[in-house]
Amino acid sequence: MTNPLLQSWSLPPFSAIQPEHMEPAIKQLIKENLDTIEERLAATQDYSWHNLIQPIEEKGEHLSRAWSPIGHLNAVRNSQEVRDAFNSCLPILSEYSTKLGQHRGLYNAYKHIHQSAGFSELDSAQQKVITNALRDFELSGIGLPEDKQQRYGEIRAKLSELTAKFDANVLDATNAWSKHITDVTELEGLPESALAAAKQTAQSQEKDGYILTLQFPCYFAVITYANNRALRQEVYTAFSTRASDEGPHANQWDNHDLMVDILALRHELAVLLGFTSYTEYSLATKMAESPAQVFEFLRHLAVQAKPQAEIEYARLREFAQELDGLEDFQAWDAPYYGEKLKQKLHQVSQEELRPYFPEDKVLSGLFTVVNKLYGINIEEKTEHVETWHPSVRYFEIRRTTGELAGSFYLDLYARQDKRGGAWMDECKVRCEFSDGHINEPVAYLTCNFNGPVGDTPALFTHDEVETLFHEFGHGLHHMLTRINYPDISGINGVAWDAVELPSQFLENWCWQKESLTLISGHYQSGEPIPDVLFDKLNNARNFQSSMQLCRQLEFALFDFELHSKDNQHTKPDIQGCLDTVRQEVAVSIPPQFNRFQNSFSHIFAGGYAAGYYSYLWAEVLSSDAFSRFEEEGIFNTQTGNDFLTCILEKGGSEEPMELFKAFRGREPSVEPLLRHRGIKAA
Ligand code: ZN
């Protein structure tokens, strides 16, 4: 029997792909790839793009093409069998990538090509593939003498153990706390959906009444809506002391020592590789150039935002006093009164907006927006395309010339066997093969919106429309690329702090009157969204935006300070570092017992170590890119074409700063970000 994952197809044959095909296909392709590498390395001493890199890239493309539907089915049509098959592939793939990263022969061959006379004859994108590969080899310690290389391996292994333990502690501490409530009046203020969820939790444990937990949706509902102040305080205390030496489970899962060890090992790793700090190591693959530049960027924003944030905070405390005579405003009061104040000032509910955003209108409007911007045409294709669910649709994108640029699957509705959230993923990456044929890119665009009910079409909230635009922005980056080398094609090889540029950028068209008339129309009357609703929506957008910015700056500065050279003592003072940052940027200082840092998984267990600033960095780029459209017209075809050719088509083939400057004519400015967030420059 043939394995459909090993056959050549232009789109995945979803109905034929079964869990039992998955692991064997991945094993076989990895073996073929490793054989190809050894064969190419043995075939000559005079390595070139054509005799080494091209064949390896093509083989790599086969593997990604087979892996893509496996990961995708695990996310959108999950079952125990698919999950088991998916999980069994993970260690094999991770072993494979470690093997490649540590392959000295391959590294030397890349070095040979880099130093050969032929290098200068390669095009700039090919050169970029090679310099990126060498950089990544070196960042995985391959250039080190043997004893140091061994230490590198030990540190990596230890770090993955410690960061996993950090996460496990957070999870255990989160699950350890719950509160059983039988008297519903104690939960006054909670929305119906939150009450229903708490009731369901109780039922699942065969109890009456309600059970509150520290799972985020429950925590968020209580801290935002519960009228019961003592309850808010209790939940806040439990939540903000998870995995620490404070709170109801003090010292049971304390992450403190793990954090100290993680920081020390990261610093050692960076120094081993020749950097002076982990921040420098982190920036080696990012757009930001130096730790000093990141600090300056964050501090500049803080200076701009803090005065207005202080006014917002004072207004909030005043409001709590007016409303409830509250004199001693506390951390557990801020989200609660914030929500009340927001409702008072800008009463607008997302539910009220739904009738104006029926699926067909939103989609055709989105396609018109990108047609006006980039001249591309999008058409649905219904025949000869297999999907994983009857509600999934498939579209093709054609350039102005009629040439096929790429295509995408659109899977909009929530289902039980589908992972939550929204994302863009690659089905196929643009790639040119040695026989000259080109794979056009294919994307998966996945959301979790409500589907149609009876005769009523799917109706979206404005938040959901914005989410769709965001993911579509990533999708266009992937699909409109003209780069033929998978490593730097589309979103590949794009620096972490620049990759959200095209996605956040496209969101702007959800906030302009001119484009809203294209994407909105009442599903019964066809009328576009009324001005008064639109104005309310726009005003609510920037509610407490300076306070929010200060909070993001607090996280970003804390992360960056903690990983910088000045904080590398044998026993770093983590709390002290956070306290100092708060003195500088926060408008409210949390209570002494707060141990937010002990569950800050983004930086201690996720990929954001010395990189949390990336969220704001990318927002500067997207806001500033959009400001050119504000100056020249949001549907100016020349401006749209420039964004297409300078940014979207180029993928990771050039440094993001160069691409940005080519589009904007100068380096990025933070002024548009502040203006879009409603912050007046200080
Ligand atoms: Zn994104």
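Remember, it's 1-based here, ligands and their atoms both numbered in the order they're listed.
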query: Is the distance between the Zn ion (ligand 1) and the nearest N/O/S atom of Glu471 smaller than 2.8 Å?
result: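 Of the N, O and S atoms in Glu471, none lies under 2.8 Å from the Zn ion (ligand 1), which means no.
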- prompt: Applying ring pair (Phe, Tyr, Trp, His ring centres under 6.0 Å), which residue pairs with at least one partner in residues 648-671 are found, sequence neighbours left out?
  reply: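 Of all non-adjacent pairs touching residues 648-671, those that pass ring pair (Phe, Tyr, Trp, His ring centres under 6.0 Å) are Phe643-Phe663.
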query: Of Trp496, Phe600, Phe604, which is the lone residue that meets ring pair (Phe, Tyr, Trp, His ring centres under 6.0 Å) with Tyr612?
result: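 Considering Trp496, Phe600, Phe604, a ring pair (Phe, Tyr, Trp, His ring centres under 6.0 Å) with Tyr612 is found only for Phe600.
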Relative to the Zn ion (ligand 1), which of the N, O or S atoms in [X] is the closest?
X	answer
His470	NE2
His474	NE2
Glu500	OE1

field: side-chain contact (heavy atoms from CB on, under 4.5 Å) against Thr174, all qualifying residues, sequence neighbours excluded
entry: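 Partners of Thr174 by the side-chain contact (heavy atoms from CB on, under 4.5 Å) criterion, ordered by chain and then number, come out as Val170, Leu214, Gln215, Arg242.
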message: So which atom in Phe166 and which in Asn598 form the shortest heavy-atom distance, rounded to 0.1 Å?
response: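 Phe166 and Asn598 have their closest heavy atoms at CZ-O, 3.2 Å.
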